Amino acid sequence: MALTLTVNGTSHVVDVEAESPLLWVIRDTIGLTGTKFGCGIAKCGACTVHIDGRAAKSCTTKVSAAVGKSITTIEGLSPDSTHPLQVAWTELDTPQCGYCQSGQIMAAAALLSKRANPSDFDIDTEMADNICRCGTYTKIRAAIHRAAEIAAQ
Amino acid sequence: MATIRISIPETAAKDEIVEIRTLISHPMDNGYNVDARGQRIPRHILHTFIVTYNGVEVFHANLHPAQSTNPYMVFHTVAVETGTLEFTWLDDDGSVFSDTRTITVQ
Amino acid sequence: MKRILLGIILVGIVGLIGGLAWAMRYPALDPIAPIDASMEFDSQVVALGRDLAGFGDCSVCHTDPRQGLEYAGGLPLETPFGVLYTTNITPDVETGIGTWSEEAFSRAMREGVDNEGQYLYPAFPYDHFTKITDEDMHALYAYIMSLEPINYTPPENELGFPFNIRLSLAGWNLLFLDTSRWEPDPTQSDEWNRGYYLADGLGHCEGCHTPRNLMGAEIPSKAYDGAIVEGWYAPALNDETTSAVPWTQIALVNYLLDGWDVDHGVSAGPMTPIVNHLYDLPEDDGFAIAKYIESLRPNLPTEAATAELVAFAAEREWDPENPPSYDDPGLQAGVEAFDDLCANCHKVGGTTVPLALTSTVRMPEALNVMNIIFDGVRPPLGARDHSMPEFGASLTDENIADVLRFVRVQYTNLPAWEHLEEIIAEKRENW
Amino acid sequence: MNIHNVSRRKFIVTSATAAGGMMLGFNLPAQAAQMNANPWELPTDKEGQEVNAWLAIDPDGTVTIRVGQSEMGEGVFTSMPMIVAEELHVDWKMVKAAYASGNRYLRQKAEDYQVAAGILNEDHQVYRRMGTGGSGAVRRSRTFLQQAGASARERLKEAAAQAWGVARADVTAKDSVLSSGNRTGTFAEFATAASTVALDVEPVIKTPDQFNLLGASVARLDTPLKVNGSATYGIDIRLPGMVYAAVRANPVPYGGIDSYDADAIMGLPGVIQVVEIVPGEGQDLRSGLQPAVAVIANSYTRALSALDQMPIKWSATPNDGVNSRDLFADANAALGMPGAISVDEGDTAGAIAGATTVVEGDYQAPYQSHACMEPFNCTVHITDNRADVYGSFQNPPGALAVVAEQLGMDPINVFSHTTFLGGGFGRRSRNDEPRQAAEIARQVGRPVKMVWTREEDMMQNKMRPMAVARFKAGLGPDGMPVGWHARVAGHSITAHIRPERIENGLDNSLLAAVRNHPYNIPNQLVDMHVRNSHIPVHYWRSVNASQNVFMAEQFVDEMAQAGGHDPLDFRLKMVEDLEDWSLVLNTLKEKSGWTTDLPPGTGMGIGISEEFGTVVGQVATVTVSRRGQLTIDKIVAAVDCGHLVNPAIAEGQIESAIVYGLSACLAGEVTISGGQVVENNFDTFKVLRINEMPIIETHWALTGGDKWGGLGEPGLPPVAAAVANAIFYATGKRPREMPIVHTDLSWG
Amino acid sequence: MAMIDSTRRSFVTRIGGGAGAMALLTVVPHPASAETIDLPERESAILEAAFGSSVLTPGKISLDMPILAETGLSVPVTFKVDSPMTEADHVTRIMGFAPGNPEPVLADYQIGPRAGLAEVSTRIRLARTGFVYAAAKLSDGTLWGTKFSIIVTLGACVEDIFDLDWQRDAERRAMRAEARAAAAAE
């Protein structure tokens, strides 16, 4: 059936089943492949997007539940990678293989909106949903602190 | 019993060169494979493949462990006369597999 | 919440009349010059103070996570008559309690009166802290005074008339404050008494787990019956408990120190910071508190009854091979929503606690399961691989109501939860 | 299990970057992307002038350097171009990267200047080595990449010299500028001439002391693409007219399909067809095609939901009864019998019999999964007599060969396009999946992207082998070993992939880090048993060393304790004639503040091993509560890989290997039940998360010289041993089994 | 793909811009620049026994096989000899060799004029990257040969993955053995 989704500020009319996972509508139907598929059961965080500013696992979110809401993906975080997190991520060369990093950055953005100056403990518990098999966690922690600094300036 | 598949034209013009394709199912254990305990699985292959045309040998292949599983062979012969071709494979364990085909030459 | 509002108004009137007479009772105490804690106190005492502050969870209320300035206060506490902001208790001279003498600190903790003699609001559990021994009070003071001073002035309290008049609290103290010192119960073991002291004093467990009367004070006759606090339900710890498997001392130690127990589930909500503090504290004290809490429920179910519930849990756990189905369309919608999301982990062969055994599913209030669906579960320090993602943005309110109805029916034989739609709407509104 | 903690009893955690060691400062501005989001395509739209197969120079001076290895996080898209740039004397800011073409690797032999310089011989392919594995990127490509840069540089100088009528020796090349006296010119100007000019003698490549770019922590070229979601991974490929395939094979690996009801789902939205994959007659299982069934639809989610709803009956297999318990019992039984001998020096049995003290220890490690973050996928597009295969390949020529074989096409007409890899860790050097995609594409007749669910990825994974080991040693009166016997029984990768290399049961790779430990023990006997099951196995990060070091280095600690030695000094004594091992151990001692005198519940442990030419030692500091809660507080690593190309990337690899190793030794494992994998997603397969991350410090202890060791994998094996040995000092208990979660660590 | 100029040794390839259309490639079997095809020792001994000599003149016989194989378990190969296959002038025997295999001989066919065409196809196993050789004996007793370089990818890294570690181990053990011997001598 035809549904209207607002992704990164632009609206898209998509002809998909209401119970399709939002992840695959974003990737296959709309074509934004920055949001990644990692597990399909909301346990790895690679598919994290924002729905009305809150972090959500798009692999287990029905597209029908996202209609009428503002969806933000990694491509929509900033037009030219100038979001403090993207600047900090680049400055510290945080990614290795990079596959999980879209999810990490989107989860970190949701964290920073809740906690402007997160401690290591805050980062550890809030980001525990996002797996990184390359083990870039030390850099992720440092980059979130750096992003908080940049945002504060 | 090993399944054998042979493709050969039924009829051919006199002295026409015909292509023959043969396939026989056989594990062709080359003696270098190992079992779950790492012990070599003894060699067990078809070592010879002979084709006779009305009794005359027209193709003779000595097969070696490098022959892939289910030996597949394509070769040619001259359709000299109507007759029967006999295809014979000889197995390490002494068993013999064979099949025949006839060809009519106008 | 409505009952508490009425209660406070009543108290205000009584307090006003009596208050004037009492006003002279609390003089202001002279401020002291700022002290260098490292010189003043022995490091062992400061370390003990840090542990005690852990048991009292002082930093939980006296820190606004959005700022991340520990002990500097500013955390808004929603109350029916307005918003209270926790105070800055760092030893900062200007904005904190840098000029408080130990006597002033001790008076505030025991009688709810600040350095200038002003009454403090009972949201600060001085009715429990009054039970702290002098030795512990000294250690707490030493620790607080050795904190990093942070110059931060929390926002003004937003209280309407007459509650902004602190004098009215004199009446509240008159009625409900018992400043008698804590006495061990001779009939119990030292371990039990240590647990009792920590739970009743610093731990102020009753602060959440005991219902309050109209005047907002804990009802002694209903100690540990369970109560709704800050949008969560603090479950009953006494015979009123609805947990399937009895809470043994070991189960309580696992839960209180590591934040999860194989027979009861993972801590969530306001309980997580508490278990995270206990995780760091001496294990013997953890065992002691568990001993005391265990004793709150003398009448245990028979082993057969427990075994039956455990069998029920195993039988009801979601089996991917043949999932449950219900004729009632509402429940069946709940089955579908559960299947897409929750059944990925909460299933036979999964690593989660069978849902029918978890305390949250068996509670009389749906608040906790609802909050967990909205906000997920952040992993406690003692069980770092036990976490659940937040699904608030992934589900519509209707989905959540369906799941709650289904969970209650599938995993318990207890009465259905009521007014789900209202609590979900309220949660969604200020989520 | 809990890892890392902020608390009184632990070390006070410093926030911000806790990575210590020699980390060069980062003063580099955020970079624009230095490659195409599709890394196999040109980074610029201009036709660069190719000087040789490795580099082309655009008119604006941009130099596109080809990368032979696959970028899966180990930074080859930065380190390989650095090696070429070092010799080329190009301005690094002008360097961009793109993958070398798998097809061209096939068609073109080694270039003349490489043969003339004696670096390659004429039968080598032009890009020499396009597989990525064995931590070999730098050490196996360095020479011909340096030669590519040097020969291009000298040709540019020769072209300028001829244009200016001067001797080549009077021309200098620096930061993309050629100059002689007052005359200057850019690389771009002389690129065309340089591509045809002939040199009588090829330049000699630099020695490490002459490096100036190599050794600097330049920013990674791929980072900008990885922070805005634009980097293309295999799973992201989108081709016009492409359809999607969701595939499922028998959960018991290599099991067959009894029946499936395609009609039941044909009517579902978007479903196009159902494809059955049948291995060719006699196609040896190692070649990868397993019986499977795929649903083709116009979107992946439709294909997958249709596949989930299609009734499929898997046929019974001879392996339905296989489970981990029996496999371990069978392997442990083998430890009682003499095995195939790999090392036999002196009279080990006699030495042990006559020893003052005898020490024994058994250990065990399970199957382990790669669990790359990017589940398996592959896209194949067949046109009349050409095929294009897109994917995250660790071995592009392999993928190309597999597609050619499956489609019966001449490999010349098959083109592999490697994307970024969402993790490889050895798993993606196996090409069974591209073969499956090719078979689907052949039947579908349209470009098709096949994507595996996480469950399929875990259940059909080619696992890190399981293994058990028994050690026995005799110590002399001075407590030092006089005889050492090690016996390992486990699943052999070689027996699975290249059985003909197993002679009378001996597979040396199964004994990595056991047969070639460096300890100076006079009498040594090392033997092994192959114990394979139907579970396919393949290379996993650091291969067998990942379990062998957990076992061997714990036994070294047991010998030290039995002999009354400090474990670190014990090791130092046995390697005092080895410069690199001694330097690493002494660096560890100093940097970690090594001590075994710690309060109960806290412990420090050591683990050290050498793999792919690199020595890595680690000291772990752990805390265990009385009830057995384990916290990994800190890991200090000391590394000797000889030289560093990019220290920041190198440090990232050590840290990455430590985290990957911790995931595999703390709680993550793969168990087999009913012939199939039990842990098929991240709810049951436990990996380390950020809240379990210890502090990690990496210190370089480089002995330089002609040592060029790998870095992607050697950092992994020591961590499990260091943690296990630390747990012994904290609790007195020795976790003899991986993962450690199986051992009750409660004490006191 | 950048424009590629011909270089002396490598094959001529003209590739359009980008990874787009490809001009047909000519793949010439490895030009045998040498006067004879020399086989490794093991193989030439067998050839000597079978053909009476191991001196092969390049030419007349060709090997048609892919230049790349993944597992090498089932590699299609066609042996083709340019011969009229008449009574007077025909091929009597064709043999194939793979030095990289555990056993040298790949194939051994005896044919004669009755074949009419000297062309045999089959599927063989190859263990590793390297050369495949083919030899033909004609009725006039002359011997002809060719060789073909093929890449086998799977298992390519099997043999060299631990090469550096085994070599380092061997050096250490040798050094220690020497030291022990020297110590014993004193």
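A quick note: this is a predicted structure, and the numbers were derived from the prediction, not measured. Order of the sequence lines fixes the chain letters, A, B, ..., with proteins taken first and strands second; residue numbering starts at 1 for each chain. Both backbone and side-chain heavy atoms feed into the values below; hydrogens, waters and symmetry mates do not.
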query = When heavy-atom pairs shorter than 4.5 Å are enumerated against chain D, which of E/Gly130, E/Pro66, E/Ala127 gives the highest number?
reply =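 The option with the most such pairs is E/Ala127.
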
Need one label for [X]: side chain, backbone, both or neither, based on atoms under 4.5 Å from any heavy atom in chain D.
X: E/Met65; result: neither
X: E/Leu68; result: both
X: E/Pro102; result: side chain

Please look at [X] and chain E and tell me whether the side chain, the backbone, both or neither of the residue comes under 4.5 angstrom of a heavy atom of that chain.
X: D/Gln125; value: side chain
X: D/Asp577; value: both
X: D/Val543; value: side chain
X: D/Trp708; value: backbone
X: D/Leu400; value: both
X: D/Ala404; value: neither
X: D/Arg140; value: side chain
X: D/Val343; value: side chain

Find out whether [X] and [Y] are in side-chain contact, i.e. whether some heavy atom of one side chain is under 4.5 Å from a heavy atom of the other.
X: E/Met175; Y: D/Leu578; value: yes
X: E/Arg173; Y: D/Gln524; value: yes
X: E/Arg128; Y: D/Arg501; value: yes
X: E/Glu70; Y: D/Arg435; value: yes
X: D/Asp580; Y: E/Arg168; value: yes

Which value, rounded to the nearest 0.5 Å, describes the distance between [X] atom [atom1] and [Y] atom [atom2]?
X: E/Ile67; Y: D/Leu106; atom1: CD1; atom2: CG; result: 3.5 Å
X: E/Thr129; Y: D/Asp123; atom1: OG1; atom2: CG; result: 11.5 Å
X: E/Ile161; Y: D/Tyr539; atom1: CD1; atom2: OH; result: 5.0 Å

Show the nearest heavy-atom pair for residues [X] and [Y], with the distance to one decimal.
X: D/Arg139; Y: E/Leu164; result: NH1-CD2, 3.7 Å
X: D/Asn520; Y: E/Arg176; result: OD1-CG, 3.3 Å
X: D/His517; Y: E/Arg172; result: C-NH2, 4.4 Å
X: E/Thr153; Y: D/Ala401; result: OG1-CB, 4.4 Å

query = E/Asp169 side chain to D/Pro518 main-chain N or O, any donor-acceptor pair under 3.5 Å?
reply =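 Here the side-chain-to-backbone pair does not exist.
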
task = Check the surroundings of atom CG in E/Asp140: do more than 12 heavy atoms from other residues, nucleotides or ligands lie under 6.0 Å from it?
result =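 Above 12, so yes.
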
request  = May I ask you to check whether over 12 heavy atoms, not counting those of E/Glu41, lie within 6.0 Å of atom CD?
outcome  =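 Not more than 12 within 6.0 Å, no.
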
query = What option among D/Pro397, D/Ala513, D/Gly136, D/Gly134 has the most heavy-atom pairs under 4.5 Å with chain E?
reply =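 Most heavy-atom pairs within the cutoff with chain E belong to D/Pro397.
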
request  = Could you tell me which of D/Ala512, D/Ala399, D/Gly133 has the largest number of non-hydrogen atom pairs under 4.5 Å with chain E?
outcome  =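 The residue among D/Ala512, D/Ala399, D/Gly133 with the greatest pair count is D/Ala512.
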
task = Report the C-alpha distance between E/Trp166 and D/Asn508 in whole Å, list the side-chain angles of each, state the deciding distance to 0.1 Å, and finish with yes or no for side-chain contact (heavy atoms from CB on, under 4.5 Å).
result = CA-CA 9 Å; E/Trp166 300 159; D/Asn508 277 327; 3.9 Å; yes

